[in-house]
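Here is the structure we will look at.
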Amino acid sequence: MALGLTNLAIILVLMSTICDAQLSSSYYDSTCPNALSTIRTVIRRAVSKERRMAASLIRLHFHDCFVQGCDASMLLDDSTTIESEKTARPNVGSVRGYEVIDEAKTEVEKICPVIVSCADIVAVAARDSSFAVGGPSWTVKLGRRDSKTANKNQANSDLPSFSDDLDTLIGRFDKKGLTAKNMVTLSGAHTLGQGQCFTFRDRIYNNASNIDAGFGSTRRRGCPLESSIDNNKKLAALDLVTPNSFDNNYYKNLIQKKGLLTSDQVLFNGGSTDSIVTEYSQNPTTFKSEFAAAMIKMGDIEPLTWSAGIIRRICSAVN
């Protein structure tokens with residue numbers, strides 16, 4: 001029996017290795033050589049039109065990978081058989097950029113029908129978005145297939161929340177095979193993002209010791225205490241200093257107690273990740289390099305390959 005279990009373990013390791021090997025940066029070189037340039041054109045146009053879209057597309061990739069792996073399940077709409085992840089609590093009214101991915105898919109389908117997966121387009125779009133606003137570029141592994149299902153329950157349970165404490169955040173990332181350092185690194189994308197008033201209202205009105213008084217006062221002017229549909233949707237940049245540039249000011253803000261979200265400031269609050277925040281605040285080159293590496297690692301979360309998935313003709317439905 002022990003020998004049988006050993007053989008089974010070896011087989012599982014080999015299967016995992018084979019799965020990883022199926023992802024390759026050259027995956028479409030022969031079947032759709034203009035795929036990446038076509039996607040890049042769409043992304044550049046979208047980010048040029050709205051700078052904030054870069055952050056949205058990076059976040060879309062993150063939210064996709066954290067639920068069932070990087071399989072484009074995030075893009076599926078409700079149907080008779082699918083309960084969409086788009087309506088999960090962490091996503092509804094928050095995650096954006098679906099139309100940009102749809103446009104990229106439409107353009108790619110024109111030149112290479114049913115060849116390039118939506119999951120790969122999402123991964124490439126995140127990379128191109130980063131580079132378009134001064135962030136790092138990286139080599140995207142390709143060859144993912146699209147899922148036939150979504151998992152709203154997992155989206156509700158596994159995606160980070162704006163109110164998470166440090167231990168909860170570390171646990172969520174560990175569950176996906178990512179380290180605490182990966183978590184701090186990937187959070188740096190918040191330098192481009194915006195938060196809705198309801199996500200940071202408690203932080204700016206509770207007179208906590210870990211928020212700069214002037215920063216809190218400034219943020220209160222744009223986020224009324226009274227909760228209402230309109231008030232709750234009011235936006236504020238997560239990085240007040242350089243909200244349109246991919247840089248390391250996000251970490252400098254945390255050291256100054258100017259993190260907008262609770263889940264931001266806990267990264268520098270006397271805990272185990274303080275030293276990482278300090279390192280990135282002092283060395284933007286290190287941050288950008290390690291951000292690229294962390295994005296590659298995140299893109300490896302449970303990809304579907306070969307017959308495990310499909311190539312959708314449109315990203316919002318199984319077809």
Side-chain angles (χ1 to χ4, degrees), residues 16 19-20 22-23 27-28 35 39 42-43 53 55-106 108-109 114-129 140-161 172-178 182 186 189 294-319:
S16 175
C19 178
D20 288 342
Q22 290 171 353
L23 295 184
Y27 189 83
Y28 297 114
I39 297 168
V42 173
I43 302 309
M53 186 55 68
S56 297
L57 292 172
I58 294 171
R59 186 165 180 252
L60 179 59
H61 184 34
F62 173 84
H63 279 231
D64 180 43
C65 290
F66 260 56
V67 181
Q68 294 190 161
C70 308
D71 62 357
S73 61
M74 178 75 217
L75 306 180
L76 289 170
D77 288 336
D78 281 324
S79 70
T80 55
T81 58
I82 291 172
E83 192 173 16
S84 177
E85 294 167 20
K86 293 179 181 180
T87 57
R89 286 188 305 274
N91 297 330
V92 65
S94 174
V95 174
R96 316 165 61 241
Y98 303 116
E99 72 283 358
V100 178
I101 300 300
D102 288 342
E103 182 183 353
K105 177 64 170 175
T106 297
V108 170
E109 285 294 299
V114 202
I115 295 293
V116 181
S117 69
C118 298
D120 278 344
I121 291 174
V122 171
V124 172
R127 186 270 310 276
D128 291 347
S129 294
V140 178
K141 297 180 186 178
L142 303 166
R144 301 170 188 81
R145 295 296 180 103
D146 300 323
S147 69
K148 301 176 184 178
T149 62
N151 194 328
K152 183 177 179 178
N153 289 335
Q154 190 179 118
N156 281 324
S157 64
D158 287 12
L159 285 167
S161 167
R172 291 191 193 279
F173 279 73
D174 179 69
K175 187 176 180 180
K176 306 301 176 182
L178 299 171
N182 293 151
L186 292 169
M295 288 295 289
I296 293 171
K297 185 176 180 180
M298 186 184 76
D300 284 340
I301 298 176
E302 299 177 24
L304 299 176
T305 54
W306 294 87
S307 60
I310 61 173
I311 303 295
R312 298 187 212 138
R313 289 180 174 84
I314 59 173
C315 293
S316 59
V318 176
N319 41 63

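Residues take their numbers from the sequence shown, with the count starting at 1. Computed from a prediction, not measured in an experiment: that's the story for all the values here.
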Q: Verify whether one side chain among T87 and K152 offers a donor that lies under 3.5 Å from an acceptor in the other.
A: yes

Q | Residues in side chain to side chain donor-acceptor pair (under 3.5 Å) contact with D102, at least two apart in sequence or another chain | A | none

Q | Pairs flagged by side chain to side chain donor-acceptor pair (under 3.5 Å) wherever residues 309-319 is involved - sequence neighbours left out | A | S147-R312

Q: Compare every heavy atom of I101 with every heavy atom of A125, then report the nearest pair and how far apart it is.
A: CB-CD1, 3.8 Å

Q: Flag the pair L76 / V318 as yes when at least one side-chain heavy-atom distance between them is below 4.5 Å, and no otherwise.
A: yes

Q) So N151 and E83, side-chain contact (heavy atoms from CB on, under 4.5 Å) or not? Walk me through it. A) CA-CA 7 Å; N151 194 328; E83 192 173 16; over 6 Å; no

(Q) As a quick check of understanding, evaluate side-chain contact (heavy atoms from CB on, under 4.5 Å) for L75 and D64, giving each step before the final call. (A) CA-CA 8 Å; L75 306 180; D64 180 43; over 6 Å; no

Q.
Tell me the closest heavy-atom pair linking A123 and V140, and the distance in Å.
A. CB-CG1, 3.9 Å

Q: Please report the closest heavy-atom contact between S73 and Q68, naming both atoms and the distance.
A: CB-NE2, 3.5 Å

Q.
I want to check something: taking the side chain as every heavy atom from C-beta on, are L178 and L186 in contact at a cut-off of under 4.5 Å?
A. yes

Q: For the residue pair V95 and R59, establish whether any side-chain heavy-atom pair is separated by less than 4.5 Å.
A: yes

Q: List for me each residue that meets side chain to side chain donor-acceptor pair (under 3.5 Å) alongside S129, sequence neighbours excluded, and say none if there are none.
A: none

**Q.** Sequence neighbours excluded, every pair satisfying salt bridge (charged side-chain N to carboxylate O under 4.0 Å, His left out) that has a member inside residues 65-81
**A.** D77-K86

Q. Does anything in residues 68-100 pair up under disulfide bond (SG atoms under 2.5 Å apart), and if so which pairs, sequence neighbours excluded?
A. C65-C70

Q) With sequence neighbours left out, what residues match N182 under side chain to side chain donor-acceptor pair (under 3.5 Å)? A) T179, K297

(Q) Please enumerate all residues that pass side chain to side chain donor-acceptor pair (under 3.5 Å) together with Y98, with sequence neighbours excluded. (A) none

Q | Donor-acceptor contact present, side-chain Q22 to main-chain G143, <3.5 Å | A | no

Q) Do I314 and K105 have side-chain heavy atoms sitting under 4.5 Å apart? A) no

**Q.** H63/N91 under side-chain contact (heavy atoms from CB on, under 4.5 Å): CA gap, chis, key distance, verdict
**A.** CA-CA 8 Å; H63 279 231; N91 297 330; 2.6 Å; yes

Q) Heavy-atom distance under 4.5 Å between the side chains of K141 and I296, does that happen here? A) yes

Q.
Could you measure the distance from the OG atom of S307 to the CZ atom of R145? Nearest 0.5 Å is fine.
A. 8.0 Å

(Q) Which residues pass the salt bridge (Lys or Arg N to Asp or Glu O under 4.0 Å) test with R172, not counting sequence neighbours? (A) D164

Q. Within a strict 4.5 Å, meaning less than it, do heavy atoms of the H61 and M298 side chains meet?
A. yes

Q: Give every residue pair that meets the ring pair (Phe, Tyr, Trp, His ring centres under 6.0 Å) criterion with at least one member in residues 64-96, sequence neighbours excluded.
A: F62-F66, F66-F173

Q) With sequence neighbours excluded, what pairs up with K148 under the salt bridge (Lys or Arg N to Asp or Glu O under 4.0 Å) test? A) none

Q.
Show every salt bridge (charged side-chain N to carboxylate O under 4.0 Å, His left out) that has at least one partner inside residues 118-127, sequence neighbours left out.
A. D120-R144

**Q.** Minimum heavy-atom distance between I121 and A104, given as atom pair plus value
**A.** CG2-CB, 3.9 Å

Q. L304 versus D146: any side-chain heavy-atom pair under 4.5 Å?
A. no

Q: For residues A150 and I82, report the shortest heavy-atom separation together with the two atoms involved.
A: CB-CG2, 3.9 Å

(Q) Which residues pass the salt bridge (Lys or Arg N to Asp or Glu O under 4.0 Å) test with R89, not counting sequence neighbours? (A) none

Q. Given S117 and Y28, is the side-chain contact (heavy atoms from CB on, under 4.5 Å) satisfied, shown in steps?
A. CA-CA 11 Å; S117 69; Y28 297 114; 3.8 Å; yes

